Amino acid sequence: MGSAIFKNPKYPVPKNEKERVKALKSYGVLDTQPEEDFDAITRLAARISHSPIALISLIDEARQWFKSKVGLEIQETPREISFCQYAIMQDDVYEVCDALKDPRFTENPLVTGKPDIRFYAGAPLIDEDGYHLGTLCVIDTEPKALSKEQKEIMQLLAKTTVDHLQLKKRNKELDASRNVLQKFFDLSLDFMCIANVQGYFLKISSAFTSVLGYAESELLGKPFLEFVHPEDIQITLTEIEKLAQGKLTIQFENRYRKADGNYIWLSWNTKPDTQTGILYATARNITEHKMAEDLFKKNTLLQKEKEIAERSSKLKEQFLANMSHEMRTPLNSIIGLSNLLLKKTDLKGKELEYLQSIQLNSKNLFGLVNNILDFAKIETSKFELEKIKFNLKEIVLDAVHAIKNTAEEKGLVLNSLIDERIPEEVVGDPARLIQALVNLLSNGIKYTLNGEVTISLEMVTVDAQSVMVKFIVADTGPGIPADKIDEIFHPFKQVNNSFTRSDGGTGLGLTITKKLVSLYGGEIKVHSIEGKGSMFYFTLIFPVAEQTISVNVKETFVDSSAIRGLTVLLVEDNPFNQMVAIDTLKDWNPSHDIDVAENGEVAIEKLKQKRYDLILMDIQMPIMDGHTAAQKIRNELPPPICNTPIIAMTAHASVNEIEGCFKDGMNDYITKPFDVKDLIGKIGRVLFHKAGSAS
Ligand code: ADP
């Protein structure tokens with residue numbers, strides 16, 4: 001219908017019709033409810049023009065629609081029968097004084113029928129962009145004309161109507177944009193707030209209440225500094241102070257207290273209104289970021305500390321290995337040579353005493369070196385227990401055996417009482433257990449002048465998986481004063497100096513023993529009565545070794561007389577150690593044929609020339625060390641040379657060092673200065689094992 005009108009030249013259409021209709025629609029007034037503002041205008045228009053009908057008529061593509069009406073029932077009419085379509089074509093008041101005399105309207109149904117229009121006057125509603133939106137018009141059923149003054153008033157009222165329309169439109173736009181802002185404010189995950197110079201929030205976004213967990217009234221009712229972490233109040237004040245000094249924006253971080261008492265980290269961005277001092281601020285919750293940052297910092301620090309600790313531990317380990325070698329090598333020679341000398345010569349009187357003194361003191365010194373090394377290892381936490389199968393009863397007998405001679409020399413009785421119910425095969429570190437037991441037994445012997453020293457093993461509980469054993473070492477010595485008992489486990493603490501001076505103690509034995517026992521998961525305790533004796537005891541749990549895979553240790557012992565004269569390659573750089581090793585082997589069996597190589601390189605050459613039953617390999621040597629030599633023998637020499645058994649001779653029996661020896665393909669290791677029985681046992685075992693594996 002609308003398009004028919006525009007095409008029909010009979011009806012007037014403004015030049016900018018399309019834009020005009022668009023502009024009209026932008027007011028959002030068409031088809032809305034009546035409003036008093038507009039009705040007041042139409043009432044006034046009817047009154048001043050003495051007309052029964054007054055309308056605010058808005059013209060869209062097809063119709064005239066009445067926003068306000070006086071004296072008329074209908075809400076709209078088709079545009080083509082409207083008088084207003086003519087009125088919007090001009091800028092001033094359009095007047096039809098008698099419709100029956102105007103050929104454009106004589107046939108008009110609004111003239112021929114209801115409401116029987118005879119008179120029409122319409123002032124166009126022209127908005128600020130010049131669009132003619134409609135009219136404010138008055139209608140009468142009698143012909144008449146408006147005075148000039150009435151027309152002027154009509155134009156003024158039309159202008160007021162447009163002002164109202166424009167104001168309402170602007171308000172609507174403002175509301176819409178305010179809604180968008182409010183939504184933005186409400187939906188934002190960031191914190192948004194407006195605060196006054198007195199330090200109170202005036203407005204806060206919902207992130208404040210939802211994240212912090214307070215009601216809005218709680219947050220608005222207190223100065224915001226009350227929620228700031230006490231440590232961050234100063235930085236917050238300092239930053240706000242900067243605004244007072246003219247800074248335009250501030251960025252800083254602080255912690256805010258939540259309702260549950262925890263704090264979150266906020267990163268603030270604040271701008272003041274320079275006139276009112278009111279602060280507009282946004283903040284982002286950076287707690288997770290801060291935590292990640294803290295974790296990263298901590299981890300980096302820990303990693304650095306770990307690296308430093310590992311590096312220094314490695315350096316210490318290296319230093320210990322070197323020290324151990326440097327100190328034990330000459331001691332090894334002294335002890336070995338004095339042993340040989342004692343056996344070979346028929347020294348008597350003072351000379352014999354001197355030699356025995358040399359031997360005793362060098363042994364003490366050796367013990368001291370070992371203790372200091374063990375203690376240092378404990379300090380560097382390099383002390384780890386092995387988990388191998390061993391025979392518990394044999395270990396105890398070995399420990400007793402190790403100090404038997406000393407006890408006999410002092411005329412002391414040495415007892416061992418082992419509960420028969422204790423399973424023989426258990427899992428643990430036999431070497432470290434012996435070390436602990438020998439430490440306690442030798443203390444017992446060292447401090448007891450007469451009487452006896454007893455080691456007892458009592459079974460506490462047992463099941464298929466484990467056994468709990470109580471170890472007790474008791475003596476009839478001087479005892480330890482009650483107030484000194486705690487002290488004796490501290491390094492270098494000796495409660496009776498006169499004893500220790502003559503007995504060459506270091507004050508480290510019990511510290512090491514305590515650590516060994518604790519590595520096993522136990523705790524060493526002491527019960528002592530001065531003048532009567534002391535009793536050291538601890539309880540350990542050992543996993544019981546599975547019977548099916550248990551090995552009878554005794555089977556691995558070899559009768560030394562069964563070993564014929566061996567062809568041995570001794571790889572050792574130190575001439576004194578060479579002498580000790582050769583003489584010890586010859587002392588055991590003079591028919592052993594021993595060749596010496598002063599380093600790994602010479603050893604390999606010799607192995608190419610001659611077959612050997614056994615290689616005794618020192619580890620630290622110039623030109624080519626024992627590790628490299630063993631690897632070359634195993635990997636580069638042809639069979640059967642590459643299968644020659646190798647026993648490492650190490651001055652420093654650390655777990656790493658021993659692991660290294662086995663990794664290089666060596667069959668066993670022995671710590672210098674070696675005990676001849678130990679050496680024979682190990683030689684027997686490697687030869688026996690070799691024969692066993694070959695069969
Ligand atoms: P030391 O090398 O001096 O024996 P320990 O750490 O083994 O070092 O012992 C620390 C101190 O505890 C000893 O100096 C000694 O005074 C005291 N002590 C240890 N065992 C006994 C014991 N069985 N009887 C009396 N005193 C002992």
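Note that the coordinates shown come from a computational prediction; the quantities given were computed from them, not determined experimentally. Whatever order the structure lists them in is the order used to number ligands and atoms, beginning at 1.
Distances from ligand 1 to the non-hydrogen atoms of G477 include no value under 4.0 Å. Residue contacts with ligand 1: F536 is included, with a non-hydrogen atom under 4.0 Å away.
Residue L510 places at least one N or O, backbone or side chain, under 3.5 Å from an N or O of ligand 1. Here's the thing with Y447: one of its N/O atoms is less than 3.5 angstrom from an N/O atom of ligand 1.
Listed by number with element, the atoms of ligand 1 under 4.0 angstrom from any heavy atom of K446 are 1 (P), 2 (O), 4 (O). Heavy-atom proximity to S534, at under 4.0 Å, picks out these atoms of ligand 1: 24 (N). In the vicinity of L508, heavy-atom distances shorter than 4.0 Å reach the ligand 1 atoms 6 (O), 8 (O).
With T476, I485, N443, V453 as candidates, the residue nearest to atom 7 (O) of ligand 1 on a non-hydrogen basis is N443.
Under the 3.5 Å distance criterion, the side-chain polar atoms of T476 are matched with a main-chain donor or acceptor of E452.
Between the side chains of D625 and T628, at least one donor N or O sits under 3.5 Å from an acceptor N or O. Between the side chains of D573 and N599, not a single donor N or O lies within less than 3.5 Å of an accepting N or O.
The environment of CE in M327 is sparse: at most 12 heavy-atom neighbours from other residues, nucleotides or ligands sit within 6.0 Å.
Residue pairs meeting the salt bridge (Lys or Arg N to Asp or Glu O under 4.0 Å) criterion with at least one partner in residues 626-637, sequence neighbours excluded, are K632-E636.
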Throw together a table of side-chain donor-acceptor distances under 3.5 angstrom for residues 522-531, partners on residues two or more places apart or in other chains.
residue: S528; atom: OG; partner: I480; partner atom: N; Å: 2.7
residue: S528; atom: OG; partner: G533; partner atom: O; Å: 3.2
residue: S528; atom: OG; partner: S534; partner atom: OG; Å: 3.1

